[in-house]
Student: 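Supplied in structure tokens, the structure appears directly below.
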Amino acid sequence: MENRTEISSLGEFGLIEHLTRNFEIKNASTVVSVGDDAAVIDHFGKQTVITTDLLVEGIHFDLMYTPLKHLGYKTVVVNISDIYAMNAQPTQITISIAMSNRFSVESLDEFYEGIFAACEKYNVDLVGGDTSASQKGFVISCTAIGEVAPNKFVKRSTANEGDLICVSGDLGGAFLGLTLLEREKNIFLENPQVQPDLENEDYIVGKLLKPEARRDIIDFFETNGITPTAMMDVSDGISSEVLHLCKQSNLGCRIYEDKLPIADQTRQAAFKFGLDPTVCALNGGEDYELIFTIKQDDYEKIVLSEEISVIGYMAPMEGGTKFLSKGGNTFDITAQGWNAFK
Ligand code: ADP
Ligand code: MG
């Protein structure tokens, strides 16, 4: 690397000041930000939503194929995705990091460039964090704070029988992006001369490395007077998420294979790897789409959006959680989603 500044040359406070120098306050609710003992947030009679995530190198991300800028962006996106999943708007984040001396100030700059880009895009303020050394690897903790009008938040447990199950965007892309990058990584480790073959795979690679949170869907609800009856984001694959909605709402469901939204690029990539696109859509994680239920009366409003697909409906608990294949077969839905402890 041409330019490497050791973190030790700045010291902890110098580093914090350096990393946060470009962030300007965007929200009136941010009263005190980085630089004091704690941040102060005033939510003016709204309710506050808080969520936190821990990301560990080697468990949640692989720096062999994840650019630090993308990692920063994704760190923010996966957190605020949880805020949107409550039907709330994110307003502030905190970022805590621990890194070994393998990391230079320049590499942290790249990471914070990604954080900055996401904060700009989603209009959130970085209001604090913590900085530490680690013996090995990079550890990131992000907390996101959001606001919602009193009692307008949407939980997982409040779906009703007969409600339509909807999902935003398309599914399975991030999983195929991961499959591709893992394959290329293994080829590279065996033979470093081979250049990665990522041609025409921008879509699935982008889905994995640069996901977006679905603010547009929350805004669409607001504009069209829709309140989902239950909602969550899709981080572990929809079969796992559907089971959460059903279990917490004490209901069963029917999901239809022919209704699952799968992008052409995802389908093509699945065929290339000898995988079933449907299985990828059901069990692949990290899509960061929203899955939600609506009253049947809201169907007319939902079809206004090309970004929303109805994939099934909530049914009585006694009938179980069922998947209906294109061939007319019925299967029990099982969660095979992503699990850090497997
Ligand atoms: P304390 O000793 O009270 O924990 P710190 O020295 O850790 O305070 O932090 C000083 C200020 O910098 C606080 O506002 C804190 O939230 C912020 N901060 C620390 N680390 C980070 C970071 N990695 N990113 C953004 N803000 C940070
Ligand atoms: Mg501290």
Side-chain angles (χ1 to χ4, degrees), residues 1 3-43 48-63 66-83 88-147 209-211 213:
M1 206 180 294
N3 214 346
R4 178 182 167 100
T5 310
E6 295 300 330
I7 290 168
S8 55
S9 73
L10 292 182
E12 183 184 337
F13 300 121
L15 178 66
I16 296 168
E17 216 177 277
H18 173 79
L19 292 176
T20 57
R21 71 197 181 286
N22 293 326
F23 290 80
E24 278 174 19
I25 305 297
K26 303 179 201 64
N27 294 284
S29 53
T30 307
V31 181
V32 176
S33 179
V34 173
D36 216 304
D37 294 310
V40 178
I41 300 168
D42 188 340
H43 272 148
T48 303
V49 179
I50 304 180
T51 176
T52 193
D53 265 312
L54 185 65
L55 300 170
V56 179
E57 183 180 355
I59 305 291
H60 302 97
F61 58 89
D62 188 331
L63 290 178
T66 311
L68 278 161
K69 185 171 173 182
H70 289 66
L71 183 62
Y73 194 87
K74 185 166 174 174
T75 296
V76 178
V77 162
V78 303
N79 255 264
I80 63 178
S81 174
D82 282 321
I83 301 280
Q89 292 287 344
T91 44
Q92 287 87 13
I93 57 163
T94 66
I95 296 282
S96 300
I97 49 177
M99 61 277 156
S100 68
N101 58 12
R102 185 178 117 224
F103 293 84
S104 64
V105 172
E106 286 75 18
S107 59
L108 294 178
D109 278 340
E110 274 178 50
F111 178 70
Y112 267 74
E113 265 176 49
I115 293 186
F116 186 81
C119 285
E120 290 294 299
K121 164 118 190 205
Y122 292 97
N123 198 44
V124 300
D125 293 322
L126 172 73
V127 296
D130 202 11
T131 305
S132 173
S134 81
Q135 283 195 330
K136 201 165 169 278
F138 192 29
V139 179
I140 309 157
S141 165
C142 178
T143 297
I145 296 159
E147 58 182 36
L209 295 183
K210 195 173 181 291

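We count residues from 1, following the sequence as given. Order of listing sets the numbers, starting from 1, for every ligand and every atom in it. Here the structure is a predicted model, which means the values were calculated and not measured.
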Student: Between Tyr112 and ligand 1, which residue portion shows a heavy-atom distance shorter than 4.0 Å: side chain, backbone, both, or neither?
Tutor: side chain

Student: Rounded at 0.5 Å granularity, tell me how far CG in Asn123 sits from CG in Asp125.
Tutor: 7.0 Å

Student: Could you tell me whether some N/O pair between Val34 and ligand 1 is separated by less than 3.5 angstrom?
Tutor: no

Student: Taking heavy atoms and a distance under 4.0 Å, where does Thr131 meet ligand 1: side chain, backbone, both or neither?
Tutor: both

Student: Would you kindly specify which portion of Leu19 sits under 4.0 Å from ligand 1, judged on non-hydrogen atoms: side chain, backbone, both or neither?
Tutor: neither

Student: What atoms of ligand 1 come closer than 4.0 angstrom to any heavy atom of Gly128?
Tutor: 16 (O), 25 (C), 26 (N), 27 (C)

Student: At a 4.0 Å threshold, what atoms of ligand 1 neighbour a non-hydrogen atom of Thr20?
Tutor: 25 (C), 26 (N)

Student: Counting only heavy atoms not in Glu6, do more than 12 sit closer than 6.0 Å to its CD atom?
Tutor: yes

Student: Is the backbone of Val77 close enough, under 3.5 Å, to the side chain of Ser81 for a donor and an acceptor to pair up by distance?
Tutor: no

Student: Hey, does Asp130 come in under 3.5 Å of ligand 1, counting only N/O atoms on both sides?
Tutor: yes

Student: With a 4.5 Å limit on heavy-atom distance, are the side chains of Phe138 and Leu108 in contact?
Tutor: yes

Student: Got a second to check how far Ile95's CD1 is from Thr131's OG1, nearest 0.5 Å?
Tutor: 10.5 Å

Student: Donor-acceptor pair, Ser96 side chain versus Asp130 backbone, under 3.5 Å?
Tutor: yes

Student: More than 12 foreign heavy atoms under 6.0 Å from CG of Asn101: is that the case here?
Tutor: no

Student: Relative to atom 6 (O) of ligand 1, which among Phe111, Phe23, Phe13 owns the nearest non-hydrogen atom?
Tutor: Phe13

Student: Which atoms from ligand 1 have a heavy atom of Gly35 less than 4.0 Å away?
Tutor: 11 (C), 13 (C), 14 (O)

Student: Quick check on Ser96 - does any of its heavy atoms sit under 4.0 Å from an atom of ligand 1?
Tutor: no

Student: So is Gly129 polar-close to ligand 1, meaning N/O to N/O under 3.5 Å?
Tutor: yes

Student: Is it the case that atom CD in Glu120 sees more than 12 heavy atoms from other parts of the structure closer than 6.0 Å?
Tutor: yes

Student: In ligand 1, which numbered atoms sit nearer than 4.0 Å to a non-hydrogen atom of Asp36?
Tutor: 13 (C), 14 (O)

